[in-house]
Novice: 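This is the structure I want to talk about, given as structure tokens.
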Amino acid sequence: MKPILVLNGPNLNLLGQREPELYGRETLADVETLCAASAKEAGMSVTCHQSNREYELIDWIHAARDTASAIVINPGAFTHTSIAILDALNAFEGPVVEVHISNIHKREAFRHHSYVSGRADAVIAGAGVQGYAFAVARAARLVTG
Ligand code: DHK
């Protein structure tokens with residue numbers, strides 16, 4: 001079984017240090033460990049990447065066409081701006097789960113719209129970093145049936 005690709009976008013490398021009242025104290029390494037545990041419980045594995053560069057996220061999504069069975073993505077601020085990431089996800093045939101640590105609907109109006117939600121099979125927002133565990137579990141279920 002191909003792994004679930006877990007992608008984190010811009011500024012998520014600063015998890016644990018940046019606005020902890022919004023994003024919590026857990027680090028990106030903690031999130032990746034959580035994702036691996038959630039995948040293992042479902043008999044699957046994860047490959048995790050983070051980038052502050054839109055093109056790198058797009059290149060990983062393209063590669064996933066051959067190497068991943070599902071994608072879990074927190075595109076960070078690219079959620080609200082990137083038609084290019086939406087197009088890349090539309091070229092991926094497996095399940096896509098979108099995750100946001102904060103509840104984007106409770107925040108500024110410019111965060112309320114997500115381009116990625118137009119493609120996502122499920123959207124999890126406001127569950128803190130636990131949302132990644134839910135997202136991976138859901139992606140695994142969509143893959144294994
Ligand atoms: C993370 C970000 O960096 C923001 O730009 C998004 C998202 C929300 C989150 O909640 O994980 O607006």
Side-chain angles (χ1 to χ4, degrees), residues 2-42 44-65 67-143:
K2 291 175 190 169
I4 297 168
L5 176 65
V6 178
L7 288 180
N8 277 291
N11 300 306
L12 290 161
N13 54 310
L14 294 181
L15 265 183
Q17 301 169 47
R18 162 174 91 123
E19 300 181 88
E21 66 289 352
L22 277 176
Y23 299 112
R25 294 269 172 208
E26 291 96 338
T27 64
L28 182 61
D30 294 333
V31 164
E32 293 181 351
T33 301
L34 193 66
C35 288
S38 181
K40 197 175 172 195
E41 234 172 80
M44 293 192 69
S45 62
V46 287
T47 303
C48 300
H49 295 297
Q50 184 277 332
S51 182
N52 297 321
R53 299 170 187 86
E54 190 175 18
Y55 78 88
E56 262 187 322
L57 295 165
I58 291 166
D59 285 350
W60 283 322
I61 295 167
H62 289 176
R65 286 159 49 82
T67 59
S69 57
I71 297 175
V72 167
I73 183 166
N74 182 347
F78 291 146
T79 304
H80 320 296
T81 61
S82 182
I83 297 167
I85 288 177
L86 170 64
D87 285 348
L89 290 169
N90 279 332
F92 176 75
E93 286 183 358
V96 172
V97 181
E98 175 183 357
V99 55
H100 303 286
I101 297 165
S102 64
N103 181 357
I104 54 174
H105 302 290
K106 211 176 163 185
R107 299 181 61 191
E108 303 96 321
F110 63 81
R111 294 184 204 276
H112 296 178
H113 178 259
S114 164
Y115 283 104
V116 171
S117 293
R119 164 63 179 88
D121 298 291
V123 181
I124 295 160
V129 297
Q130 196 184 7
Y132 286 90
F134 299 152
V136 168
R138 184 64 192 156
R141 174 64 67 85
L142 289 170
V143 169

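These numbers come from the heavy atoms of this one structure, side chains and all, not from hydrogens, waters or symmetry mates. Atoms within each ligand, like the ligands themselves, are counted from 1 in listed order. All residue numbers refer to positions in the sequence shown, counting from 1. If you're wondering where the values come from, they're calculated on a predicted model, not measured in any experiment.
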Novice: Hey, could you give me each pair passing side-chain hydrogen bond (donor to acceptor under 3.5 Å, both in side chains) that has a residue in residues 76-88? Not counting sequence neighbours.
Specialist: E54-S82

Novice: Which residue in the set L12, N13, N11 passes side-chain contact (heavy atoms from CB on, under 4.5 Å) when paired with L15?
Specialist: L12

Novice: Going by the rule side-chain contact (heavy atoms from CB on, under 4.5 Å), which residues pair with A137 if we only count those two or more places apart in sequence or in a different chain?
Specialist: S38

Novice: May I have a table of the N/O to N/O pairs between ligand 1 and the protein that fall below 3.5 Å, each row giving the two atom names and the distance to 0.1 Å?
Specialist:
{"from": "ligand 1", "atom 1": "3 (O)", "to": "R18", "atom 2": "NH2", "distance (Å)": "2.9"}
{"from": "ligand 1", "atom 1": "5 (O)", "to": "A77", "atom 2": "N", "distance (Å)": "3.1"}
{"from": "ligand 1", "atom 1": "5 (O)", "to": "R111", "atom 2": "NH1", "distance (Å)": "3.2"}
{"from": "ligand 1", "atom 1": "10 (O)", "to": "I101", "atom 2": "N", "distance (Å)": "3.2"}
{"from": "ligand 1", "atom 1": "10 (O)", "to": "S102", "atom 2": "N", "distance (Å)": "2.8"}
{"from": "ligand 1", "atom 1": "10 (O)", "to": "S102", "atom 2": "OG", "distance (Å)": "2.6"}
{"from": "ligand 1", "atom 1": "11 (O)", "to": "N74", "atom 2": "ND2", "distance (Å)": "2.9"}
{"from": "ligand 1", "atom 1": "11 (O)", "to": "I101", "atom 2": "N", "distance (Å)": "2.8"}
{"from": "ligand 1", "atom 1": "12 (O)", "to": "H80", "atom 2": "NE2", "distance (Å)": "2.7"}
{"from": "ligand 1", "atom 1": "12 (O)", "to": "R111", "atom 2": "NH1", "distance (Å)": "2.9"}

Novice: Starting at NE2 of H62, measure out to CG of L89 and round the result to the nearest 0.5 Å.
Specialist: 9.0 Å

Novice: Please list all pairs passing the side-chain hydrogen bond (donor to acceptor under 3.5 Å, both in side chains) test where one or both residues lie in residues 15-26, with sequence neighbours left out.
Specialist: Y23-R107

Novice: Any chance the side chains of D30 and T33 put a donor and an acceptor closer than 3.5 Å?
Specialist: no

